[in-house]
Each structure stands twice: as structure tokens, then as C-alpha cells.
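Reckoned from all heavy atoms, side chains included, excluding hydrogens, waters and symmetry mates. Numbers here are sequence positions counted from 1. As the structure is a computational prediction, the values presented were derived from the model and not from experiment.
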Amino acid sequence: MFESAKFEHKLDKATFKTLEPALREDLLNAQFQLIDQKRRSLLVLIHGPDGAGKGAVLNRLYGWLDARKLRTLTYDAPTTNALTHPPAWKYWRDLPGYGEIGIMLGSWYQTALVDRALGKLGRSAFTAALEGVRRYEAMLDAEGVSILKLWLYLGGDEAQARLKALEKGQHARPVVRQWTEVDTPKERERLWTAAEEVVRLTSTPFAPWHVVPAVDGEYRDAMAGTVLLEMLRAIDAAPAPAPQPRPANPAEVPHGLPQFSILSTLDLTKALDEKTYREELSEAQRRITRLTTASAFGKRGLVVVFEGSDAAGKSSAIMRLRHALDPRRFRVYPVAAPTDEERARPYLWRFWRRVPALGHTAIFDRSWYGRVLVERVEGFCSPDEWGRAYGEINDFEDQLTSAGYVVVKFWLAISQEEQARRFAQRETVAYKRFKLTPEDWRNREKWPLYEAAVSEMVDRTSTSAAPWTLVEAEDKLYARVKVAKTVADALEAALGR
């Protein structure tokens, strides 16, 4: 993959000075188009051997572009905060908004490349890691984040010689190093092989790699600016997404088979008397308290997701969980319509930034499943968007569980008749009126559409690591106990208690 870069590529200073003004003007005009449209953002990943000029390219781009809409994203040794979150958390946290450009020194390729060079990753594990990266980049691209990847190429001997020269004069200007762990000749050779595999296996139409010869600084910078310009122009030329028609109601779609709803299999007559409820809830809460304050939970985290019909009792079930948790180590996130800041990024961004640190708990009152529920039903996203969201959500939750988080997901189910009764009650109780809106009444007309969406959601996102628990919530006492017991059981299974 690096063959053509091995040949001499030079640009004399006079020629560089001649072409630079036009390149700068074109880059600025293309950047202003990106800013004005605010339809996409751009991530520029700069990789290459130490000594290839990564910092010099970064500084050059800052000189050529409007720095007010640039963000430098650097990932060196993990911070304490990053170490207490899943590996991908820091990249999600730093995503620039639409209209902005983020320039990354180090990226999600860094760990895989270093581990491969040090012999910590076998070939199959390395290939699997790269496949995960491909899916991640495909999702970002589909959600409005364009990705340009630059590999600044220097031969191994040239890179070592240049790095030594830079380090001798390191006080003259900073030296950007990415590969401090890779020290021996054998490790450096493995790193080169791994880099070639990365460029070959992860260069895609939506996230291409560009190999930039880096021996000559003027040629390197001019080529980096040129491929950036091409990417910005491609973003500008891409058509805006066409408006999507609202989906049809399944109840009105002619078909030969009856519409199946997984919720119809629930026995909504399940109930508990007051005495049994208090005893069982108290016992479940004690278990949760004991487990979340155990030393072993310090290397774990708990993420609890509540979805369900309007007025199904999510808030009251959450309140009983709150009583069992240390208030210093948990947060409840009520999820409403996204803010302008959240709309300017991929939809999972607002949930990734709320992933708790290890040893802590996050409870989501509504969640990322809005993409395949309310956004699907109300036509707020296209069939393509909610169709691919199942895989994206599974990847998200797999990253959480792989990092040590216990993910517990609930759908609280009630009948249409019980919902109408609870709505009417909310209208008559002053301190409950805020819970009821005209939209809640309108949503009752779409009950079959929501049932169809729930059935598909459970089928496609209930995994062994993050299963769905369907809760019969006609009786609030029964629902609260089932929720608390399920959380306690999941914690016990994870902690081996």
C-alpha cells in the first residue's frame, strides 16, 4: 500500500510559494461552505511514524483555515477520566458539531496498531478490531461525520534518523510522538506491517486513507491541503437528504397474516398485595445497595434503560431504584427531544457523553431506543436511519458490556384501557398534570404502530449480554418489584455474588 510513496516526491520552495495562495483561498472557501451548510462535520485523522511531521501538518492547516471552526483532538496516554470509561467514550465526547472540522493526532487506530506491534494482538483479533472500526466509521459517515485519513509516509530508516535529529533539538519545538511504546527493531517492523494492513483493510469510499509522502515538507503539506480540499468539495457537492414519507400504520396495511405483537403474550393481570410488595421490594433494594457498594463494583458500571408506554410507571419504578443507590454515584437522565447541540452530531453522541464512570450508575428514562420507536413511528428519521440503528445500538451496548458495564433494559407494558384510566387520573391531580400533554393523547391513535416497533426492537436488540426484560406494569407494585429484582439479579450474575 505504500509502494508509490517510497519514490522521491519533492516540491521546491518557489513552486510551493506560487501555489500556496490559491490553495489557501480554495480551502477557506470550501470551509465556509461547510460552516454555512451545517449539514456535516469533518474529522481529519493524521497518522504516520514519529518524525514524519504530524505536528507540522496540523500547524499548517491551522494557518490555512479559519481556526475558529477547527478543533485539535489529541489522544496520548489515557487520562484518569478516560480510563474509567469505555475506550470509545473519549472519541464520542470530542466529536465536533456540524460545520466544524476536528483534526486528530492519534485515533481509534492507535491502540490496535500498538498492540499488534507489541505482539499483544494476534492476526484474527487485529482483523476483528479493524472490522469494528469500519462499522464505526460507516455509522459516523451515515450520521453526517465525514472522515479523511492521512498516513504521512517515511521509510523506517528515514523515520528513525529524523526522530533522533528532532529529539536532539526538542527544546526548539515540540516533537509529536505516537509510538513511544514501539521501541525495538522487531516491534517497529511489526508496526509497519500492521500499518499497511490498516490502510488496506479500512480505506473505504466513505472514509478513505491517503498516503502522503513526507520526506519533503513542502510536498507533504501541499498534498495534505489538496486532499483536504477535495474532501471539502465532495461534501459540498453531495445532495441534501430528500424528505422521507411518514410510515404507514401496520393496522392499515393489507396482509395475509395477523399482526403479531410480543406485548400480547404478557399476562397483565399479575399483581402483588401491599404486604408482599413491601417485603420483596425492601429485600431487592438491600441486594442492590450491597452489590453497588461492594469493592468489586468499582471495576463495573450499571446502565439501566427504561422504555414503555406513556403512563406505564417508569418514574415510580426509577424512584424505587434511587432509594437503593448512593446518590453520589448515580444520575437519572430523562430523555426528551434533542437540543440544537445534540442535533448537530450523530444521535448516539448525547448518550455516549452520559455513560457513567466505572463504579457509577446511569438510569435513562427513555433512551437511544427512541431512534427505533418514537422517531420511527413519528417519521422523524428515515427508514434507512432507523433500519441501520439496530446494529449501531447493538455495537454501542456491546462496547459497554465489554468494558465491564451491566446493561439492564426494561419495557413497561400496560393495556390501552389502563393507560386511558391513568391519563384521566393525571388530569384531575394537580401535581401530576405536568406529566400529561396533548401529544400523549394523540399517540394513543398510533398504538398498533408502536406495538409493531416494540416487537421488532426486542427481536433485534435483545442480546445475551444486554437482554430486554418485559415488565407487566398494569399493577405498579408488581412492576416495581420485578424491576428491582431484575437489576439485583443482573448485578449478582456480573459480580459473581
Side-chain angles (χ1 to χ4, degrees), residues 41 43 45 75 82 85-95 104 107-113 115 121 124-147 149 198 201-207 300-305 307 333 335 338 342 345-356 358 362 364 366-373 375-376 381-409 453 456-468 490 494:
S41 59
L43 283 177
L45 280 58
Y75 306 98
H85 288 82
W89 172 80
K90 57 184 177 291
Y91 306 123
W92 279 98
R93 174 199 61 190
D94 295 341
L95 276 181
M104 301 181 73
S107 70
W108 40 85
Y109 290 101
Q110 190 85 1
T111 300
L113 279 166
D115 287 350
L121 274 185
S124 60
F126 182 61
T127 303
L130 296 185
E131 178 56 34
V133 167
R134 283 170 59 96
R135 293 199 305 274
Y136 175 55
E137 291 177 348
M139 188 271 301
L140 289 180
D141 177 73
E143 285 291 309
V145 181
S146 296
I147 304 170
K149 300 179 297 197
V198 160
L201 295 176
T202 64
S203 191
T204 60
F206 50 81
R300 293 284 193 166
L302 176 62
V303 174
V304 187
V305 172
E307 296 284 355
Y333 295 103
V335 175
E342 291 165 345
R345 291 170 173 84
Y347 75 98
L348 283 176
W349 177 77
R350 63 172 172 156
F351 303 109
W352 263 107
R353 67 201 294 247
R354 293 183 170 99
V355 170
L358 294 175
F364 290 90
R366 305 287 188 190
S367 69
W368 42 93
Y369 283 97
R371 176 54 57 107
V372 297
L373 291 171
E375 292 183 42
R376 166 184 172 171
C381 65
S382 68
D384 177 67
E385 288 172 324
W386 62 255
R388 59 179 166 77
Y390 299 110
E392 295 164 358
I393 287 170
N394 286 337
D395 280 346
F396 172 37
E397 293 175 352
D398 181 64
Q399 290 178 72
L400 293 180
T401 56
S402 296
Y405 291 80
V406 180
V407 179
V408 189
K409 304 181 302 195
E456 186 168 4
M457 174 191 75
V458 172
D459 280 343
R460 298 183 65 175
T461 63
S462 192
T463 63
S464 58
W468 276 101

Side chains of P86 and L400: closer than 4.5 Å at any heavy-atom pair?
yes
Rounded to the nearest 0.5 angstrom, the CG-OG distance for D141 and S146 is 6.0 Å
Can we call the ring centroids of Y91 and Y75 under 6.0 Å apart?
yes
Which value, rounded to the nearest 0.5 Å, describes the distance between L373 atom CG and S367 atom OG?
7.5 Å
Taking all heavy atoms of P87 and all of A403, pick out the closest pair and write down the distance.
CD-CB, 4.4 Å
Nearest 0.5 Å, what's the CG-CG distance between L348 and L95?
10.5 Å
Testing the basics here: between A362 and Y333, what is the closest heavy-atom pair and its distance to 0.1 Å?
CB-CE1, 4.0 Å
Going through the checks in order, is the side chain to side chain contact (heavy atoms under 4.5 Å, CB included) test met by T202 and K149?
CA-CA 10 Å; T202 64; K149 300 179 297 197; 3.9 Å; yes
Decide side chain to side chain contact (heavy atoms under 4.5 Å, CB included) for R350 and R354; before the verdict, give the C-alpha distance in whole Å, the side-chain angles of both, and the deciding distance to 0.1 Å.
CA-CA 7 Å; R350 63 172 172 156; R354 293 183 170 99; 3.7 Å; yes
Could you tell me the separation between the NE2 atom of H85 and the CD atom of Q399, rounded to the nearest 0.5 Å?
14.0 Å
Could you tell me if the side chain of L358 sits less than 4.5 Å from the side chain of R300, heavy atoms only?
no
Answer yes or no: is there an ion pair linking R460 with E392, defined by an N-O contact shorter than 4.0 Å?
no
Non-hydrogen side-chain atoms of T127 and L130 separated by less than 4.5 Å
no
Under 3.5 Å: donor-acceptor pair, side chain of R388, backbone of A142:
yes
The criterion is salt bridge (Lys or Arg N to Asp or Glu O under 4.0 Å); which residues satisfy it with R93, sequence neighbours excluded?
none
Carefully, step by step, assess Y369 and I393 under the rule side chain to side chain contact (heavy atoms under 4.5 Å, CB included).
CA-CA 8 Å; Y369 283 97; I393 287 170; 3.4 Å; yes
D459 side chain near W468 side chain, heavy-atom distance below 4.5 Å:
no
Indicate yes or no: does R376 engage E385 in a salt bridge with an N to O separation below 4.0 Å.
no
Is the NZ or CZ atom of R371 both under 6.0 Å from the centre of the six-membered ring of W386 and within 45° of that ring's axis?
no
Is the closest side-chain heavy-atom distance between V304 and L302 below 4.5 Å?
yes
Intermediate values then yes/no, side chain to side chain contact (heavy atoms under 4.5 Å, CB included), E456 and Y390:
CA-CA 9 Å; E456 186 168 4; Y390 299 110; 3.5 Å; yes
Say whether, by atom type as modelled, one donor and one acceptor occur between the side chain of Y405 and the main chain of P356 under 3.5 angstrom.
yes
Got a donor-acceptor contact below 3.5 angstrom from the T401 side chain to the D398 backbone?
yes
Any idea which heavy atoms bring V335 and R366 closest together, and the distance?
CG2-O, 3.2 Å
Rounded to the nearest 0.5 Å, how far does CG of L201 lie from CZ of F126?
7.5 Å
So which heavy atom on L121 is nearest to which on A125, and how close?
CD2-CB, 3.6 Å
What is the distance from atom CG of D115 to atom CD of Q110, rounded to the nearest 0.5 Å?
10.0 Å
Correct closest heavy-atom pair for T461 and E397 would be O-OE1, 4.2 Å
Can you find a heavy atom in the side chain of V406 that is under 4.5 Å from one in the side chain of V303?
no
Is any side-chain heavy atom of N394 closer than 4.5 Å to a side-chain heavy atom of T463?
yes
Do M457 and K409 touch side chain to side chain, with heavy atoms closer than 4.5 Å?
no
Lys/Arg-Asp/Glu bridge criterion (N-O < 4.0 Å) met for D94, K90
no
Using the ring pair (Phe, Tyr, Trp, His ring centres under 6.0 Å) rule, take Y347 and W368 through it: C-alpha gap first, then chi angles, then the decisive distance, then the call.
CA-CA 8 Å; Y347 75 98; W368 42 93; 9.8 Å; no
List the steps and the verdict of salt bridge (charged side-chain N to carboxylate O under 4.0 Å, His left out) for R134 and E137.
CA-CA 5 Å; R134 283 170 59 96; E137 291 177 348; over 6 Å; no
Please confirm whether Y136 and W92 have ring centers closer than 6.0 angstrom.
yes
